[in-house]
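Remember, predicted model here, so these are calculated numbers, not experimental data. Each chain gets a letter, A, B and so on, in the order the sequences are listed, and its residues count up from 1.
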Amino acid sequence: MRRFGKTPSAMEYDFLSIETAQRKRWNEDETYRVTEGALAPDGTPKKKFYALDMFPYPSGAGLHVGHPLGYIASDVIARYKRHQGYNVLHPMGYDSFGLPAEQYAIQTGQHPAVTTETNIARYRQQMDLLGFSFDWSREVRTSDPAYYKWTQWIFGLLYQSWYDVEAGGARPIAELVARFEREDKAWATMDEGQKSTVLMEHRLAYLADSQVNWCPALGTVLANDEISGGRSERGGHAVEQKTMRQWIMRITAYADRLIDDLDTVDWPSSIVEIQRNWIGKSTGASIRFEVAGTREAGNPLKIEVFSTRPDTIYGASFIVLAPEHDLVKQITTEEMRKKVEAYCEQAGAASERERMSGERGISGVFTGAYAVSPISGEQLPVWAADYVLAGYGTGAVMAVPAGDDRDWAFAQHFNLPIPAIFEGHDTGEGATVDKSAVLMNSGALDGLAAKDAMAIAIELLEEKGAAEARVNYRLRDAVFSRQRYWGEPFPIRYKDGIPQLVEDGQVVLPEVDEYLPTADGDPPLARATRWSVPTGERMEYNTMPGWAGSSWYFLRYMDPANNAAFCDRSKSDYWGQVDLYIGGAEHGTGHLLYSRFWTKFLFDRGLIGFHEPFKKLVNQGMILGRSSFVYRIEGGPCFVSFDRRKEFKTQRLHVDVSLVDGDVLDTEAFKNWRPEYANATFELSEDGSYRCGSEVEKMSKSKFNVENPDDLVERYGADTLRCYEMFLGPLEQAKPWDTKGISGVHNFLRKLARLYRDQDGACLVVDSAPAADGLRTVHKTIKKVSKDLDRLSWNTVVSAMMIGVNELTAQDAHQRELLEPLAVLLSPYAPHLAEDLWSLLGKKGSVCDAPWPVFDAAHLVEAEVTYPVSFNGKVRFELMVAADMSPSDVEAAALGDARAAAQLEGNRPKKVIVVPGRIVNIVV
RNA sequence: GCGGGUAUGGUGAAAUUGGUAGACACGCUAGAUUUAGGAUCUAGUGCUUUACGGCGUGUGGGUUCGAGUCCCUCUACCCGCACCA
């Protein structure tokens, strides 16, 4: 780290030896070990608090300064709550199944377990440096067989459960079987395979053929939230649709509860909205239109459409089917067949590319068939068009051009009629989506707005047997199979092709010779020759997705060593919901939705006593890196300075930020950086320096903009890094990292330490009584710090402590009565230094258990207050008066002041406002 | 297009219910001091004006004695979803 000189390590704050010593002490004393039912000093049980971080995937790159941000924030709160007398559960673990370790294994043959172990060791080492108060005895790893045994068990329970809509929750599948035996005569006649097929339609974890997102490059299926823009989130590979037999989670059974219960959690509104939109609930009606002139088994064919606006049915002028819709083939007339087939084929092929480009014209084709409106009896032409999606609703819509923008555009484009159904609406102008528009030409619905017309319309249609009210969700059941090696194996074997839950032992991830699919295209597990259980006909070769293990890990921390259950009910009853959950916003539709789903399921089955996992959620913003760039003149070894780059044809290259200081490149260091730049020459700026370009982007090794916490800890200490990361700004906000500001925070800690020790390390603390100003400073600081921690304003706490220390320094205050509470205030942010100072103060136990200081308002009372006196809102002078002066006396004092007379220039004030303790405003 | 968010000095930011905008830091300027270290200390630092003063929280408007904060309008940027009937 040549950018920084050597930090003077004065005796008053020798952070290196302090931090080493305190960490050792915490370790030996097991300071952070926590047990259920801990008692307060007075013998009463402590209240519990559960502070949790989203556990990391241990990647090979190690931690950069962005990773610990959330961990520091949660650690601050965990420590604060502990000071307040809570029994705090604050654990950490690893989401250690995942793709990178597997891909590394494919390339090198190294077993993913080995890579994972190495990476975890590195993560642990880096985290230990930062002085977190994690109870490491509760560590969990999702790839540990002792852990995933219970992931498998929960899967088995989901498999053995169904969703009883009447009971409003998950029930054992045995109850359903009993019901079938009791009520369904056909059941007794079925063979095992048929029964299995029927039950599969009810199980919460079920096997089905489904259209999946297949990624050939990764050789696996991906969930919708693992894809963006038609490409895989990881690696950016192309994704295509494919039909496969997959394990699927019936999360849609919980769609309503997943939406409704969002009202019961204290989460950022953005995440709540993301989940709401993702679930995408819409209420309306399912309406059936008969197809004119068709007969199948004696009945006319029917097209079922979903509409959120059944009240606009009189405005329907045509019907549109998705090109993939089954009925398209059946109803298309002979003369239209060629055209329709060509269209459907082209629509299917083109959709993927054009969806990505985002620009799709209006296209569609008439099938030649007509559907009959169940309400007016009118014949409506049936079209196939790609603006209707096969995967949503019924894959068919009734087009109401007057009431829907897309239908309107389609009608315009193909010159289809646009019946006017809204009063005062010009159908030539566009559609009216306004729900307050009043209906006309709509039979019994005339004169009504959507609010009232909706129910009547559904009623009318129901009478004719043509519709019923229905709720639709955008949410799909979640595909739960992955064709990977490094994941939880399913506790499933097959007998006569029927899946059987393995209950005679744990299915442990078997060894394989290669981490690749077999020649037949089976997943890697098909290569396994030795399994931990009898395999029967064959085992399930898929593994579970990454979100399986992370959907319940917060429960395992409560009872991490339990061999008999995933978590004893008494433990989960004690710890309950996670009180504060901190992590990135990128999990909005993945982890955070799935863990809610599993929590509700476990609640339904009576295994835990709460149905939402995370009471309060905070998303920390990403810490971005500031990348630096050099500009190489094409074809040569010459680099041109930023401001002159336009004079040449250049190529922009990332350069390591440690070679750059304030945009100026250390050219010698640059030449030594990489062999290919050894002979570099430079076209410099006018001032003789080489200036780099810069950009704020994600921190990543490949961008050479990574700041490593270890280096900063070595140079400034963990306490400084902790305080600095909190000081950067509001936790939720994304912010670029700038190491420069760290010195200010480091100085603050030194200044604070100097209140306790002089430069030779001698103790300065005295037992004499403090002065009033010292007490005021300390109690003001206690008040502000406590309040800001309560409202999770991490950054302003640091400022408040800086102000306090600045004042105490100016007061030359060294009284024990002041410095004791100050050490406790410091402890959540700078635990090592606080612990050290606590010892210096002669305290026996850990500062972690010191009670949080309580501010005494008596010390904050001031004898006099200063009122800003403003005229017409502009402050003109300040007025010092006794603090207990009444508003009317303050008014008199202000008006009586000579400076007021000067402002008034003899005029009489129109009005005088006195806000006690705040301000005086005089209106002239 | 829909949903959510953001906008304040050269920089990160603060201002909890409307009450002295810019606290606290970084950076910068000047000075002091020093074994000359990028250390430490002191003073200054929103813009503008010689000064008195004037102007200032993305834009335009409104409510109010008083608006960064409340209401309406527009703009830019960020995030999520995206033909969801």
Remember a base hit wins even if backbone is also touched, and classify [X] as base, sugar-phosphate or nothing at under 4.0 Å, heavy atoms.
| X | result |
| --- | --- |
| A/N795 | sugar-phosphate |
| A/P730 | sugar-phosphate |
| A/V923 | sugar-phosphate |
| A/I803 | sugar-phosphate |
| A/D738 | nothing |
| A/D407 | nothing |
| A/S799 | base |
| A/R476 | nothing |

- Quick one: are A/V881 and A/T866 in side-chain contact, heavy atoms under 4.5 Å? no
- Message: Less than 4.5 Å apart, side chain to side chain, heavy atoms only: is that true for A/V65 and A/L712?
- Response: yes
Find the distance [X]:[atom1] to [N]:[atom2] and express it as a whole number of Å.
| X | N | atom1 | atom2 | answer |
| --- | --- | --- | --- | --- |
| A/E697 | B/C79 | CD | P | 13 Å |
| A/L475 | B/G80 | CG | C1' | 16 Å |
| A/I919 | B/A67 | CD1 | P | 10 Å |
| A/I279 | B/C81 | CD1 | C1' | 13 Å |
| A/W408 | B/C83 | CH2 | P | 21 Å |

- Message: Atom CD of residue position A/E714 - does it have more than 12 heavy atoms of other residues, nucleotides or ligands inside 6.0 Å?
- Response: no
- Query: Should the heavy atoms of other residues, nucleotides or ligands under 6.0 Å from NZ of A/K735 be counted, would the total exceed 12?
  - Reply: yes
May I ask you to verify if any side-chain N or O of [X] is less than 4.0 angstrom from the OP1 or OP2 atom of [N]?
| X | N | value |
| --- | --- | --- |
| A/S282 | B/A85 | yes |
| A/N921 | B/U64 | no |
| A/R474 | B/A82 | yes |
| A/T866 | B/U20 | no |
| A/K911 | B/C65 | yes |

- Measure from the side chain of A/Y387, starting at C-beta and using heavy atoms only, and say which of B/G4, B/U20, B/C83 lies closest. B/C83
- Quick note, A/L389 side chain, CB onward, closest among B/C83, B/G12, B/U17 is B/C83
- Side-chain-base donor-acceptor pair under 3.5 Å for A/Q733 and B/U6: no
- With distance as the sole criterion, do the side chain of A/N277 and the base of B/C81 form a donor-acceptor contact below 3.5 Å? no
- Taking the same atom, C1', in B/G58 and in B/C77, what whole-Å distance lies between them? 11 Å
- Quantified in whole Å, what is the C1' atom distance between nucleotide B/G12 and nucleotide B/A82? 35 Å
- Query: Salt bridge check: are A/R288 and A/E468 linked by an N-O gap of less than 4.0 Å?
  - Reply: yes
- Salt-bridge contact A/R309-A/D311 (side-chain N to carboxylate O under 4.0 Å): yes
- Take A/G729 and A/T394, find for each the nucleotide of RNA chain B with the closest heavy atom, and name the residue whose nucleotide sits nearer the 5' end. A/G729
